Amino acid sequence: MKFERKNLSNEELINLYRLILKPRVIEERMLKLLRQGRVSKWFSGIGQEAIAVGVTAALHEDEYLCPLHRNLGVFTTRNCDLQQLFEQFQGKAGGFSQGRERSFHFGTNKHHIVGMISHLGPQLCLGDGIALASKLKQEKKITVAFTGDGGTSEGDFHEACNIAAVWDLPIIILIENNGYGLSTPINEQFRCKFLAERAIGYGMKGVTIDGNNILEVYHTVKQLAEEMRENPKPVLLECMTFRMRGHEEASGVKYVPKELFELWEKKDPVTNYENWLIEEGIISPDYPDMLKDDMDAEVRKAFDAADKQPDVVPDTEKETTEIYAPYHFSLTNPKSTASNKLRLVDAVSEGLKQSMQKHPNLVIMGQDVAEYGGVFKVTEGFVSEFGKERVRNTPLCESGILSAALGMSVKGMKSVVEMQFADFVSTGFNAIVNNLAKSYWRWAQNADVVVRMPTGAGVGAGPFHSQSNEAWFFHVPGLKIVYPSTSYDAKGLLCAAIEDPNPVMFFEHKALYRGVESEVPADYYTLEIGKANLVKQGDELSIITYGAGVHWALKEADSFDADILDLRTLLPFDKDAIAATVKKTGKVLVLHEDTLTGGIGAEIAAWITENLFEHLDAPVMRLASLDTPVPFAISLENNFLPKSRLKEKLQQLASF
Ligand SMILES: Cc1ncc(C[n+]2csc(CCOP(=O)(O)OP(=O)(O)O)c2C)c(N)n1
């Protein structure tokens with residue numbers, strides 16, 4: 001291994017030695033603790049330290065890193081408190097995630113680190129979001145996001161590279177090519193010779209280096225970073241290395257040929273660097289042992305102190321409230337009485353436009369949202385007022401953009417991400433349910449993101465452009481789900497959703513876009529999320545519904561003396577309003593356009609039965625679409641939707 005010091009002083013070289021030694025000493029202690037059964041699980045980065053350490057040392061302290069499970073060196077080089085790290089690993093209250101998360105699954109903005117979720121891939125797109133925010137803020141900062149060789153097979157890797165290239169983002173997408181993805185060798189993972197060769201396909205620079213040579217890693221990243229700060233362009237940096245231990249400590253290495261270990265043992269990043277420093281007379285031969293002893297003593301002390309901490313005492317109230325970032329809604333009323341009759345689509349557009357005027361840190365992202373104005377024309381004309389930096393056409397990649405939106409939140413920006421059709425959110429599902437929804441609870445980083453969801457049937461668009469998929473998200477703690485049925489609600493609730501620092505799924509019914517209109521205040525205003533609206537009063541029975549269901553109920557229930565409750569927010573839903581109507585009528589129909597089984601109606605019916613049983617004069621009934629995909633032909637679609645069965649169902653309920 002050839003070390004080139006370039007312009008580094010002896011002091012800087014020794015500092016790098018201390019930095020690379022630290023994770024090695026910690027890991028050696030961890031291996032002992034594992035054998036003693038004092039720690040539960042460990043993904044070793046032994047043999048790969050030069051990458052995490054070299055990269056982190058080459059960046060400015062306020063530049064973000066998105067590391068993975070083998071990157072202890074990122075955390076130690078950023079000087080994370082050792083005791084706190086161990087408390088994290090041991091699941092103690094003082095860890096970075098208060099015992100809610102394991103190993104490196106946390107972030108710390110103090111150290112400019114955003115850790116991984118278990119799912120491999122999203123961290124790369126999240127890194128894109130941080131890089132985009134830095135670029136928009138003209139900070140001249142770069143971001144580095146890590147992946148293993150196995151992780152490069154994930155779609156998010158492709159999306160991250162492509163987004164970074166198309167948007168000229170100052171990000172290094174760094175591949176630690178360590179020969180294996182769990183037990184799968186690289187020849188069963190990909191066919192190119194070097195992964196960095198893929199860069200050409202994305203139109204970005206690709207570089208392959210010796211990841212075991214700390215000076216090569218350090219100098220390469222330092223130079224790339226200097227260039228990228230001035231001239232933002234992404235780089236795919238492949239660091240060749242080897243995983244010297246099992247995937248995790250319990251999993252063994254039987255499938256790895258012995259010769260490979262022998263070969264890579266000779267390339268050990270710590271001992272080679274150490275030997276070179278001694279040969280060059282930069283450190284004395286007895287310095288390493290002295291340093292290792294000191295470091296080990298420090299590690300033991302920190303571990304013991306962490307281990308002595310009591311187990312986390314569960315506080316259910318805290319656990320369940322901290323799924324959302326704290327936020328105190330304060331109602332904004334329109335400044336004047338001026339109003340216009342608007343279709344729902346125009347009300348959404350107006351709310352979005354006024355939110356863009358109100359929040360300079362708000363960015364809209366979506367397919368064809370810029371000059372084209374989006375397929376439903378919600379953002380028509382926005383580019384001329386707000387520019388293309390803030391009204392961003394995205395490549396076709398829901399997953400990548402949704403994760404990027406979380407990265408934008410890390411930098412204090414707000415995003416509205418438009419799904420072209422709500423159906424296509426399925427390709428961004430992981431980002432929403434695992435990253436955006438869980439982020440605040442995991443490490444106190446809110447996802448300030450509104451996902452706009454043009455939804456619903458009744459427009460003859462078939463099974464992939466008509467779905468009601470709100471129930472997919474209803475089961476996910478950490479999300480809010482808003483679903484307006486009128487133009488007035490759409491504008492006020494959208495403005496409120498954008499103000500709210502939490503992730504909000506905002507459903508807009510396509511058939512209502514141009515199918516309903518109402519008076520809408522001309523000024524900016526908000527309506528409180530979580531509050532239902534009693535749109536019609538009656539004593540005979542209650543229809544609890546939302547979206548298109550509200551309009552069906554208004555039309556079909558004319559011969560009944562019905563309370564019609566428009567939920568408006570599905571998560572969290574308004575229990576007080578539900579209780580009030582149930583107590584009043586004693587007979588309830590929950591109506592929705594979504595299919596029946598496992599729909600939102602099931603939860604509401606269960607909640608009413610469990611909590612308000614003594615007020616019921618009939619079983620809680622549900623009416624929903626057939627349990628099939630949404631059919632295309634209008635006659636089939638009409639048959640699928642519950643509207644035609646509504647009168648009969650109400651009759652059944654009334655006469656019970
Ligand atoms: C989306 C996803 N699928 C599967 C896994 C399970 N898994 C965890 S680590 C791993 C191997 C990763 O290999 P690589 O990306 O090369 O990183 P390395 O562990 O070698 O550092 C797998 C399959 C996962 N975490 N995420």
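In listed order, ligands and their atoms are each counted from 1. We're numbering straight along the sequence, starting at 1. Quantities reported herein were computed from a predicted structural model and do not represent experimental measurements.
- With respect to E249 and R245, a salt bridge is recorded, a charged nitrogen being found less than 4.0 Å from a carboxylate O.
- When non-hydrogen atoms are compared, ligand 1 lies under 4.0 Å from neither the backbone nor the side chain of F43.
- Annotation: T147 places no N or O atom under 3.5 Å from an N or O atom of ligand 1; distance criterion only.
- Looking at Y180 next to ligand 1, an N or O pair under 3.5 Å apart turns up.
- The proximity of H247 to ligand 1, defined as any non-hydrogen pair under 4.0 Å, is limited to the side chain.
- Under a 4.0 Å criterion applied to the non-hydrogen atoms of G150, ligand 1 contributes the atoms 14 (P), 15 (O), 16 (O).
- Those atoms of ligand 1 that come under 4.0 Å of a heavy atom in H69, given as number and element, are 18 (P), 19 (O), 21 (O).
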Inset, instruction - Output, in order, the C-alpha distance, side-chain angles, deciding distance and verdict of salt bridge (charged side-chain N to carboxylate O under 4.0 Å, His left out) for E322 and R100. - result: CA-CA 11 Å; E322 290 186 2; R100 291 174 183 160; 2.9 Å; yes
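- In this structure, atom 10 (C) of ligand 1 is in close contact with the protein, since a protein heavy atom lies within 4.0 Å of it.
- Side-chain atoms of Q88 and Q84 form no donor-acceptor pair, as typed in the model, at a separation below 3.5 Å.
- Of all atoms in ligand 1, listed by their number and element, those nearer than 4.0 Å to a heavy atom of S118 are 24 (C), 25 (N), 26 (N).
- Under the 4.0 Å criterion applied to side-chain N and carboxylate O atoms, K267 and E262 are not assigned as salt-bridge partners.
- For atom 17 (O) of ligand 1, the closest non-hydrogen atom of the protein is G148 CA, 3.7 Å.
- Atom NZ of K205 is surrounded by 12 or fewer heavy atoms from other residues, nucleotides or ligands within 6.0 Å.
- Side-chain contact between E274 and Y17 is present, with heavy atoms from C-beta onward closer than 4.5 Å.
- Salt-bridge annotation for K141 and E63: absent, with no side-chain N of the basic residue lying under 4.0 Å from a carboxylate O of the acidic one.
- Counting atoms of ligand 1 from 1 in the listed order, those under 4.0 Å from a heavy atom of N178 are 18 (P), 20 (O), 21 (O).
- In terms of polar-atom proximity, Q48 is not counted as a contact of ligand 1, lacking any N or O under 3.5 Å from an N or O of the ligand.
- Looking from atom 13 (O) of ligand 1 to the surrounding protein, the closest heavy atom is G181 CA, 3.2 Å.
- Of the protein's non-hydrogen atoms, the one nearest atom 18 (P) of ligand 1 is R70 NE, 3.4 Å.
- One distance of note links CG of L21 with OG1 of T271; it measures 10.5 Å at 0.5 Å rounding.
- Nearest protein heavy-atom contact of atom 1 (C) of ligand 1 is E154 OE2, 3.3 Å.
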Inset, instruction - Run the numbers on R392 and E418 for salt bridge (charged side-chain N to carboxylate O under 4.0 Å, His left out), then give the verdict. - result: CA-CA 10 Å; R392 304 188 75 84; E418 176 177 299; over 6 Å; no
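- Using a 30° and 60° split on the angle between ring planes, H112 and Y64 fall in the perpendicular class, above 60°.
- Within a 6.0 Å radius of CD1 in I200, other residues, nucleotides and ligands contribute 12 heavy atoms or fewer.
- Between the choices I175, I117, L120, the shortest heavy-atom distance to atom 12 (C) of ligand 1 belongs to L120.
- The closest heavy-atom contact to atom 23 (C) of ligand 1, among the options L182, T241, N434, N177, comes from L182.
- Protein heavy atoms are absent from the 4.0 Å sphere centred on atom 4 (C) of ligand 1.
- Of the protein's non-hydrogen atoms, G151 N, 2.8 Å is the one closest to atom 15 (O) of ligand 1.
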